[in-house]
Amino acid sequence: MVVRIICAWILLFGSCAAIAENFFDQGGFVSLVSDNRAHKVGDTLTVIIVESTKAESRAGTGSETSIDVAANVITTSDREKFGLGYDRDSADDANTKREGKFKGQLAVRVDGMDEHGMLYVTGEQLLLINGEEQRIALTGYIRPIDVRDDNTVLSSRVTDARIEFNGNGVVNDGQSPGIFSRIFSWFGL
């Protein structure tokens, strides 16, 4: 009843100017039910790097050669035997093994999209730990369907993946052979 009286009062004795403001910012709007996975250029996502490689190569060669020559000479006084022989055995075996494991996470950015809708991603991370510089870099293509709900993708799902993990510093320098080791190796020593 009070509301009707106030409305009647406003209509009879004065006009009110109504001012409306738009609080909706279309540029910054994010829907609560939208898909927050990366799907366009400029979006970011996290690649979970779980790589394990193991390679083994084995080669073996073998050869055997045997040559025997024998002669008998009979004389009136005695019987003489002469012989000449040659034996050669050779067996070589070579074995090469290499194993590598790497686990980590890397945030990457969608830098492009190919004609099939695959996302081209690139990312790099540089860490400095106790004077050692560690660099992790990744490039490759990702299908949008492989991006999980939490905006992550496994490295095994990255097509044409190029994953680099390089170090530079005292520990890395200690892994390189010295000049004398290289010279002796060159001479086969």
Side-chain angles (χ1 to χ4, degrees), residues 20-61 92-189:
E21 228 179 283
N22 186 1
F23 293 109
F24 176 70
D25 178 18
Q26 190 172 7
F29 175 73
V30 177
S31 172
L32 295 175
V33 295
S34 68
D35 186 5
N36 294 322
R37 294 181 287 184
H39 61 277
K40 65 183 187 306
V41 175
D43 288 349
T44 61
L45 62 112
T46 302
V47 176
I48 299 172
I49 303 170
V50 181
E51 295 294 327
S52 178
T53 60
K54 189 174 184 178
E56 184 173 346
S57 176
R58 185 176 199 105
T61 61
D92 292 320
D93 192 22
N95 190 11
T96 303
K97 289 183 182 181
R98 185 169 185 98
E99 188 173 342
K101 291 182 181 181
F102 181 69
K103 292 182 181 181
Q105 294 184 13
L106 182 64
V108 296
R109 180 182 55 247
V110 178
D111 281 343
M113 193 177 306
D114 73 359
E115 64 273 6
H116 302 292
M118 292 184 68
L119 309 173
Y120 179 71
V121 295
T122 62
E124 182 175 332
Q125 185 177 35
L126 190 62
L127 303 167
L128 188 62
I129 304 169
N130 294 333
E132 290 285 323
E133 185 178 277
Q134 300 290 320
R135 179 181 168 270
I136 304 168
L138 182 139
T139 61
Y141 288 92
I142 296 173
R143 297 184 311 171
I145 196 169
D146 289 332
V147 180
R148 298 178 179 171
D149 292 338
D150 62 350
N151 204 33
T152 62
V153 66
L154 290 173
S155 61
S156 60
R157 296 290 188 194
V158 180
T159 304
D160 296 334
R162 181 174 175 96
I163 302 170
E164 295 180 24
F165 182 64
N166 297 320
N168 198 9
V170 176
V171 173
N172 187 55
D173 293 343
Q175 298 295 318
S176 300
I179 186 71
F180 291 115
S181 296
R182 284 186 261 166
I183 291 171
F184 289 141
S185 176
W186 187 75
F187 283 115
L189 301 174

**Message:** Taking the side chain as everything from C-beta on, heavy atoms only, tell me whether Leu154 gets closer than 4.5 Å to Arg148.
**Reply:** yes

**Fill in**
Heavy atoms of Glu51 and Ser155 approach each other most closely as OE2-OG, 2.7 Å

**Prompt:** Below 4.5 Å, heavy atoms only, C-beta onward: do Pro144 and Leu119 meet side chain to side chain?
**Reply:** yes

**Message:** Quick check on side chain to side chain contact (heavy atoms under 4.5 Å, CB included): which of Leu106, Ile142, Thr152 does Leu45 satisfy it with?
**Reply:** Ile142

**Request:** Drop me the distance from Leu128's CG to Glu133's CD, to the nearest 0.5 angstrom.
**Result:** 6.5 Å

**Prompt:** If only atom types and distance count, is the side chain of Thr139 paired as donor or acceptor with the main-chain N or O of Thr122 below 3.5 Å?
**Reply:** no

**Item:** Test item: Tyr120 and Val41 side chains (from C-beta on) under 4.5 Å apart, heavy atoms
**Value:** no

**Residue pairs, two or more places apart or on separate chains, that pass salt bridge (charged side-chain N to carboxylate O under 4.0 Å, His left out) and touch residues 134-144** = Glu124-Arg135, Arg135-Glu164, Arg143-Asp146

**Item:** From OG1 (Thr159) to CG (Asp114), nearest 0.5 Å
**Value:** 9.5 Å

**Message:** Please determine whether side chain to side chain contact (heavy atoms under 4.5 Å, CB included) holds for the pair Phe165 and Ile49, giving the CA-CA distance in whole Å, both sets of side-chain angles, and the decisive distance to 0.1 Å.
**Reply:** CA-CA 11 Å; Phe165 182 64; Ile49 303 170; over 6 Å; no

**Prompt:** Are more than 12 heavy atoms from other residues, nucleotides or ligands located less than 6.0 Å from atom CG of Asn130?
**Reply:** no

**Prompt:** Taking atom CG of Asn151 and atom CG of Asp43, what is their separation to the nearest 0.5 Å?
**Reply:** 7.5 Å

**Distance, nearest 0.5 Å, that separates CD1 of Ile145 from CZ of Arg157** = 10.0 Å

**Request:** Could you tell me the separation between the NZ atom of Lys54 and the CD atom of Glu99, rounded to the nearest 0.5 Å?
**Result:** 5.0 Å

